[in-house]
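Just so we're clear, the structure is a prediction, and the values are computed from it rather than from any experiment.
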Amino acid sequence: MDSNLKGAKPVLPELAKLDATAQADLVRKGELTALDLVEAGISRIEQVNGEVNAVVAMFYDKAREAAKGKLPQGPFTGVPNLVKDLDNLKGTSATSGSRFLAQNVSPETDPIIAGKENAGFVMVGKSNTPEFGLLGTTESLLLGACNNPWNLAHSPGGSSGGAAAAVASGMVPVAHATDGGGSIRIPASCCGVFGLKPSRGRIELGERQLPGDIGFQHCVSRSVRDSATLLDATERKGSAAVLPPVGRVDGPGKKRLRIAFGTMDYKGREPAADVRAAIEDVAKLCADLGHEVIPAKNTIDGNAFEDAFLAAWASGPAELVALVKQMGLEPEAVLEPWTLGLADLYNSKPKGTLENALAHFEKVTAETVAFMKDYDVWLTPVLATTPPKTGEQAPTVPFDTLYERVFNYVTYTPLHNVVGTPAMSVPLSWSAAGLPIGAQFAASPGQERVLLELAFELEQARPWADRYPPVFAG
């Protein structure tokens with residue numbers, strides 16, 4: 001670690017391995033300053049970002065000035081963090097991974113980012129994302145491919161791929177992340193970090209919403225306690241709460257849970273053999289811990305669900321293409337082939353397609369909520385395979401080929417966006433090739449406490465914090 005940083009004291013050699021809670025404690029105790037933490041974070045980004053390409057915009061001077069000033073006294077005061085480049089931090093670049101917005105600068109800060117700043121975080125940069133978050137990999141034409149620190153030839157997932165890769169490689173202990181179809185859980189699984197998607201309504205998101213309210217925001221982190229503490233700091237409380245607040249969760253629960261378990265996706269397909277073996281092993285771990293693991297399958301119509309989800313997912317690109325044309329621009333010059341293909345697909349559908357899709361969402365939600373009433377938690381894979389190689393799901397792959405690859409890969413996460421259930425990826429397994437395999441646990445709407453207490457227990461039973469990828473700062 002660079003000890004010659006301008007204005008910084010020597011920092012602990014092991015600082016990169018500390019979670020955000022531990023780093024903030026050093027500031028709270030007076031052992032380091034907020035500026036020390038920020039300078040160390042900048043040093044780590046500079047050390048490994050050239051290989052990983054997780055951070056795509058740096059505002060170091062802005063972060064230094066913030067660290068020197070009077071920061072909010074929250075649980076993470078002084079800790080460096082990243083904003084996913086789909087969201088806004090006033091006065092900084094906001095490209096959404098698209099050539100269309102290459103010169104865009106945010107006029108205001110989004111509520112979720114303001115909440116993280118109020119918790120004490122200092123934003124040092126923007127994290128890489130695919131164009132408008134539309135893929136489960138992170139390799140846009142504007143920002144370039146983000147690489148998985150466990151194997152640089154593989155994808156870190158998406159769309160919060162830059163966030164997860166930055167946390168996994170030690171650049172920052174926590175990074176802001178968003179989830180419209182799995183975009184917190186997918187990269188958490190691919191990069192061996194923890195990622196929780198909260199319940200619908202848990203966190204204030206502002207005015208921008210995806211059709212069916214399938215968009216969610218929180219973070220990816222190395223430790224469960226960081227995610228739990230941040231949820232407590234940013235969830236709606238008081239008169240603003242639409243769900244009973246989770247409050248502070250700081251350890252395992254005592255209750256033994258009824259865990260529904262299955263490895264088939266919503267279309268009845270099994271994942272790759274190594275993924276299936278890993279999730280079966282996690283089920284055994286849960287049983288060994290005293291939980292009741294019950295084979296079960298949600299019997300929704302997978303084909304109908306996929307069609308409905310795709311309609312909602314593609315409606316945004318269709319609106320985007322129309323906007324670009326209204327501005328007198330050529331869509332092919334500023335939007336990626338995958339985005340254009342989704343728009344074409346949506347525009348080929350009959351009138352009323354989106355309305356029918358949203359009506360189907362209500363049906364699927366009722367069916368899934370009824371299914372989950374018999375269980376405390378539902379365990380499945382996060383993804384059908386381990387992280388693909390970079391390029392296999394790039395936005396320039398011919399549309400029909402890419403469509404098949406995407407919807408054979410991301411087959412377990414979107415349902416929880418539609419239903420609004422909390423769901424998390426827990427890094428409990430690695431393949432023989434050394435690639436992470438996350439396990440997805442979901443609970444009924446509003447039951448984040450159940451998931452976090454279970455996550456604390458799994459973290460103690462099978463610790464992952466001391467597993468570091470080949471590319472790691474410090």
Does anything in [range] form a salt bridge (Lys or Arg N to Asp or Glu O under 4.0 Å)? List the pairs, not counting sequence neighbours.
range	value
residues 145-170	none
residues 379-403	none
residues 262-276	Asp265-Arg269, Lys267-Glu306, Glu270-Arg276, Arg276-Glu280

With a 3.5 Å cut-off and sequence neighbours excluded, list the donor-acceptor pairs that the side chains of residues 154-178 form with protein atoms.
{"from": "His154", "atom 1": "ND1", "to": "Pro387", "atom 2": "O", "distance (Å)": "2.8"}
{"from": "Ser155", "atom 1": "OG", "to": "Gly157", "atom 2": "N", "distance (Å)": "2.8"}
{"from": "Ser159", "atom 1": "OG", "to": "Lys84", "atom 2": "NZ", "distance (Å)": "2.5"}
{"from": "Ser159", "atom 1": "OG", "to": "Ser183", "atom 2": "OG", "distance (Å)": "2.9"}
{"from": "Ser160", "atom 1": "OG", "to": "Lys84", "atom 2": "NZ", "distance (Å)": "2.9"}
{"from": "Ser160", "atom 1": "OG", "to": "Thr178", "atom 2": "N", "distance (Å)": "3.2"}
{"from": "Ser160", "atom 1": "OG", "to": "Thr178", "atom 2": "O", "distance (Å)": "3.0"}
{"from": "Ser160", "atom 1": "OG", "to": "Ser183", "atom 2": "O", "distance (Å)": "2.8"}
{"from": "Ser169", "atom 1": "OG", "to": "Ala165", "atom 2": "O", "distance (Å)": "2.7"}
{"from": "Ser169", "atom 1": "OG", "to": "Ala166", "atom 2": "O", "distance (Å)": "3.3"}
{"from": "His176", "atom 1": "ND1", "to": "Lys84", "atom 2": "N", "distance (Å)": "3.0"}
{"from": "His176", "atom 1": "NE2", "to": "Gln217", "atom 2": "OE1", "distance (Å)": "2.6"}
{"from": "Thr178", "atom 1": "OG1", "to": "Lys84", "atom 2": "NZ", "distance (Å)": "2.6"}

Partners passing salt bridge (charged side-chain N to carboxylate O under 4.0 Å, His left out) against [X] (at least two apart in sequence or in another chain):
X	value
Asp19	Arg225
Glu117	none
Lys237	Asp232

Quick one: does [X]'s side chain get under 4.5 Å of [Y]'s, heavy atoms only?
X	Y	value
Ile203	Leu231	yes
Leu285	Leu458	yes
Pro395	Glu139	yes
Phe121	Leu230	yes
Leu402	Gln393	yes

Subject >> Pairwise side-chain hydrogen bond (donor to acceptor under 3.5 Å, both in side chains) hits with a residue in residues 430-444, at least two apart >> reply: Arg185-Gln440, Thr380-Gln440
What distance separates [X] [atom1] from [Y] [atom2], expressed to the nearest 0.5 Å?
X	Y	atom1	atom2	value
Thr138	Asn128	OG1	CG	6.0 Å
Thr137	Ile186	OG1	CD1	9.5 Å
Phe76	Cys219	CZ	SG	7.5 Å
Leu257	Cys286	CG	SG	8.5 Å
Ser223	Trp464	OG	CH2	8.5 Å

Subject >> salt bridge (charged side-chain N to carboxylate O under 4.0 Å, His left out) evaluation trace for Asp87 with Lys116 >> reply: CA-CA 13 Å; Asp87 281 67; Lys116 293 179 190 301; over 6 Å; no
**OP:** Find out whether the Lys NZ or Arg CZ of Lys197 is both under 6.0 angstrom from the six-membered ring centre of Phe216 and within 45° of the ring's axis.
**Re:** yes
Only distances under 3.5 Å count here; give the side-chain donor-acceptor pairs of residues 367-376 to other protein atoms, sequence neighbours excluded, each with its distance to 0.1 Å.
{"from": "Glu367", "atom 1": "OE2", "to": "Lys363", "atom 2": "NZ", "distance (Å)": "2.7"}
{"from": "Thr368", "atom 1": "OG1", "to": "Asn298", "atom 2": "ND2", "distance (Å)": "3.0"}
{"from": "Thr368", "atom 1": "OG1", "to": "Val364", "atom 2": "O", "distance (Å)": "2.9"}
{"from": "Asp376", "atom 1": "OD1", "to": "Lys255", "atom 2": "NZ", "distance (Å)": "3.1"}
{"from": "Asp376", "atom 1": "OD2", "to": "Arg258", "atom 2": "N", "distance (Å)": "2.8"}

Original post:
With under 30° as parallel and over 60° as perpendicular, where do the rings of Phe407 and Tyr403 fit, or are they tilted in between?
Top reply: tilted
Subject >> Parallel, tilted or perpendicular: rings of Phe305 and Tyr266 (30°, 60°) >> reply: perpendicular
**OP:** Compute whether any side-chain donor of one residue and acceptor of the other, for Asn417 and Asp179, lie under 3.5 angstrom apart.
**Re:** yes
**OP:** Flag the pair Asp344 and Lys349 as a salt bridge only when some basic side-chain nitrogen lies within less than 4.0 angstrom of an acidic carboxylate oxygen.
**Re:** no
Subject >> Partners passing side-chain hydrogen bond (donor to acceptor under 3.5 Å, both in side chains) against Glu355 (at least two apart in sequence or in another chain) >> reply: none
Subject >> Partners passing side-chain hydrogen bond (donor to acceptor under 3.5 Å, both in side chains) against Ser106 (at least two apart in sequence or in another chain) >> reply: Asn88
**OP:** Would you sort out whether Leu415 and Trp378 count as a side-chain contact (heavy atoms from CB on, under 4.5 Å), showing the intermediate values?
**Re:** CA-CA 12 Å; Leu415 180 64; Trp378 181 16; 3.9 Å; yes
Show which side-chain atoms of residues 323-343 pair as donor or acceptor with protein atoms under 3.5 Å away, not counting sequence neighbours.
{"from": "Glu336", "atom 1": "OE2", "to": "Leu141", "atom 2": "N", "distance (Å)": "2.7"}
{"from": "Trp338", "atom 1": "NE1", "to": "Leu134", "atom 2": "O", "distance (Å)": "3.1"}
{"from": "Thr339", "atom 1": "OG1", "to": "Glu131", "atom 2": "OE1", "distance (Å)": "2.5"}

